[in-house]
Amino acid sequence: MEVISVILFSFALASVGESANILYVVPFTSKSHYIMLKPIGVELAKRGHNVTVIVGHRDPKPPPNYHQIIVDHKEIWEILGGKRPNVFTMVDISAEKFHETILWGGGLGMTETALNTSDVQKFLAEDNHFDLVISEQFFQEALYVLAHKYDSPLVLITTFGNCVRHNIITRNPLQLATVVSEFLNLKEPTSFWSRMRNLYFTVYEYVWWKYWYLEKQEQLVKKYIHNLPQPVPSLYELQGNASLILLNGHFSFDTPTAYLPNVVEVGGVHLSKSDGKLPPDLQKLLDDAVHGVVYVNFGSNVRSSELPTEKKNAFLNVFRRLRQTVIWKWEDDTLQNIPKNLVLRDWLPQKEILSHPNVKVFISHGGLIGTQEAIFYGVPIIGVPIYSDQYNNLLQVEQHGFGRILEYKNIDEMSLQILLDDILNNESYSIKAKEVSKRFKDRPLSAMDTAIFWIEYVIRNKGANFMKNPARDLSWMAYSMLDVYLLILFVVLLSIYAVFKVIKLLTKATLPDSKVHKKKRS
Ligand SMILES: *[C@@H]1O[C@H](CO)[C@@H](O)[C@H](O)[C@H]1NC(C)=O
Ligand SMILES: *[C@@H]1O[C@H](CO)[C@@H](O)[C@H](O)[C@H]1NC(C)=O
Ligand SMILES: *[C@@H]1O[C@H](CO)[C@@H](O)[C@H](O)[C@H]1NC(C)=O
Ligand SMILES: *[C@@H]1O[C@H](CO)[C@@H](O)[C@H](O)[C@H]1NC(C)=O
């Protein structure tokens with residue numbers, strides 16, 4: 001087996017011609033992120049590159065040229081110093097609070113845990129050479145300094161679509177009237193007050209991120225990453241100088257947006273190559289479900305079993321009346337009085353289930369990865385958004401006509417029954433879902449081939465500096481054209497002033513006369 005892999009590896013090397021040493025930095029331990037990020041690293045290895053990955057999950061059967069450095073695993077709740085909360089209680093959390101505690105607080109803790117891992121420290125002390133550093137772009141900025149350490153270009157990848165902060169830093173045009181900050185929920189994004197809120201939040205996030213949070217990431221660099229070549233650029237500069245950012249989105253579903261050439265959409269990258277198969281028992285269950293299947297899964301972070309009793313019962317009572325088979329990700333065995341048509345499992349192969357033609361609807365929390373899977377296989381969605389970007393994803397789903405939002409606070413028997421009746425009986429949802437699916441896949445290159453092409457492009461072109469926006473070197477005044485506008489305003493005002501002055505002079509010239517006449521008459 002080993003021998004065959006090595007031979008295959010050599011063939012792969014020969015076919016590419018040039019293999020690069022790539023450092024792939026994806027230490028964030030959330031499962032959903034890993035689902036999207038792992039295939040990119042593995043694909044690079046399969047194409048003959050020597051990939052070293054700093055990662056939160058171990059791949060049991062990696063290609064021979066895929067070297068894993070596993071970071072210590074800590075749940076974000078541990079890091080934040082508390083117990084795991086019932087994630088459903090996060091429904092009402094504001095975007096500000098979500099950033100402060102979860103993203104910034106959690107991000108700093110996760111980054112420190114990754115850097116403090118003894119295998120990571122051992123790796124950093126080695127004398128390695130890399131042609132490229134690829135990093136996830138998710139609140140672990142300290143690790144961007146590795147691009148400087150190895151004197152190599154930096155590629156970033158988001159798991160959540162566009163990043164407004166990155167737009168600001170790289171001077172990609174801001175489009176705040178239509179592009180909503182990624183973790184902000186707005187019901188009508190283009191209304192006046194929503195645009196105001198979007199501007200306010202974008203400024204709030206940028207300022208706190210840059211002047212408070214990023215400083216703390218800099219301290220982590222000083223504490224854990226030693227012997228860097230001097231002078232060390234700031235993390236802000238490093239991010240602005242990134243050669244490429246790959247976004248987990250696509251205009252066929254997400255808001256169409258203007259992007260610089262080094263900002264590339266690769267949404268659906270984990271779906272390009274689906275080789276998974278359903279386990280036989282599930283395959284049979286789905287095949288036999290002549291009336292179709294309702295698939296329920298609130299994602300890896302949310303536990304359905306934590307639903308309050310009345311909401312749990314609402315689901316059970318509605319499911320009991322359905323002709324369809326219901327498959328639900330359920331994490332414990334406390335559920336009583338289970339309807340005959342309901343199958344519970346604590347883990348489910350989601351992609352493979354959604355790919356089955358008998359699945360009629362996906363009841364979901366609206367996480368981006370799951371939403372993309374439903375799009376890819378053309379399955380309508382009933383979405384219960386809990387936190388993060390979930391509301392925005394589901395709003396897109398609703399606007400594209402292949403699903404409906406069910407707000408958590410509105411979950412009861414009646415609302416659930418009405419929604420399910422609508423989606424199961426009105427064909428328009430599944431027709432729309434199939435339409436969006438078709439255009440999501442209609443691309444010149446598959447998402448994975450696009451990602452690999454641009455990564456190799458950066459390697460071939462030694463960082464492809466020419467793709468970066470020259471506006472990065474301008475002052476904010478020059479970039480925003482404010483200096484020019486101010487001069488124009490000044491000239492216009494001056495002209496108006498001059499015209500008034502002339503009119504006044506002219507009228508003055510005739511005025512003394514009239515005054516004289518008036519005086520004479522009186
Ligand atoms: C591949 O990368 C590892 C570092 O993880 C390094 O030890 C090894 O020498 C590299 N192999 C080649 C052929 O460059
Ligand atoms: C770093 O790791 C060491 C053990 O390897 C541990 O004693 C220490 O508490 C850790 N520090 C942090 C901040 O996690
Ligand atoms: C089906 O849904 C679409 C979109 O929501 C709606 O326009 C249409 O009237 C519905 N058809 C029926 C028969 O309810
Ligand atoms: C920006 O990155 C390029 C490689 O992509 C590198 O040559 C250059 O030195 C970097 N500039 C700064 C200011 O870090």
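Sequence positions, counted from 1, serve as the residue numbers for this chain. Start at 1 and go down the list; that is how both ligands and their atoms are numbered. Below, all heavy atoms of this structure are taken into account, side chains as well, without hydrogens, waters or symmetry copies.
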Show which atoms of ligand 4 fall inside a sub-4.0 Å distance from at least one heavy-atom site of [X].
| X | value |
| --- | --- |
| K468 | 1 (C), 2 (O), 3 (C), 5 (O) |
| S243 | 5 (O) |
| G463 | 5 (O) |

Heavy atoms, side chains only, cut-off 4.5 Å: are W208 and Y213 in contact?
no
Over 60° means perpendicular and under 30° means parallel, so classify the ring planes of H57 and H73, tilted if in between.
perpendicular
Mind telling me whether F315 and F298 have parallel, tilted or perpendicular rings, with 30° and 60° as the class edges?
perpendicular
Heavy-atom gap H148 to ligand 4 smaller than 4.0 Å:
no
Answer yes or no: does an N/O atom from S428 fall short of 3.5 Å to an N/O atom of ligand 3?
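Indeed, backbone or side chain, S428 has an N or O that close.
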Would R165 count as a cation-pi partner of Y236, with NZ or CZ less than 6.0 Å from the six-membered ring centre and within 45° of the ring normal?
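Not satisfied by the 6.0 Å and 45° rule.
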For ligand 3, which atoms, with element, lie under 4.0 Å from some heavy atom of Y429?
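Once the distances to Y429 are compared, the set is 5 (O).
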Just list the N/O pairs, ligand 1 to protein, that are under 3.5 Å apart, with the distance for each.
unit_1: ligand 1; atom_1: 2 (O); unit_2: N50; atom_2: ND2; d: 2.4
unit_1: ligand 1; atom_1: 5 (O); unit_2: T52; atom_2: OG1; d: 2.7
unit_1: ligand 1; atom_1: 11 (N); unit_2: N50; atom_2: ND2; d: 2.8
unit_1: ligand 1; atom_1: 14 (O); unit_2: N21; atom_2: ND2; d: 3.3
unit_1: ligand 1; atom_1: 14 (O); unit_2: N50; atom_2: ND2; d: 3.4

Check this for me: does any side-chain nitrogen of one of E112 and K74 sit under 4.0 Å from a carboxylate oxygen of the other?
no
Would you call E126 and K122 a salt bridge, using N to O less than 4.0 angstrom?
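No, E126 and K122 are not salt-bridged.
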For the 3.5 Å polar cut-off, considering only N or O atoms, please tell me whether K462 and ligand 4 meet it.
no
Just one of I353, V293, L354 clears the side chain to side chain contact (heavy atoms under 4.5 Å, CB included) bar with V379, so which one?
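One option only clears the test, and that one is L354.
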For the residue pair Q372 / H270, report whether a side-chain donor-acceptor contact shorter than 3.5 Å exists.
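The answer is no; no qualifying pair exists.
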Assess, by modelled atom type and distance only, whether the side chains of N116 and D72 contain a donor and an acceptor separated by less than 3.5 Å.
no
Centroid-to-centroid, Y457 to W454, below 6.0 Å?
yes
For ligand 4, does L154 get within less than 4.0 Å through its side chain, its backbone, both, or neither, judged by non-hydrogen atoms?
neither
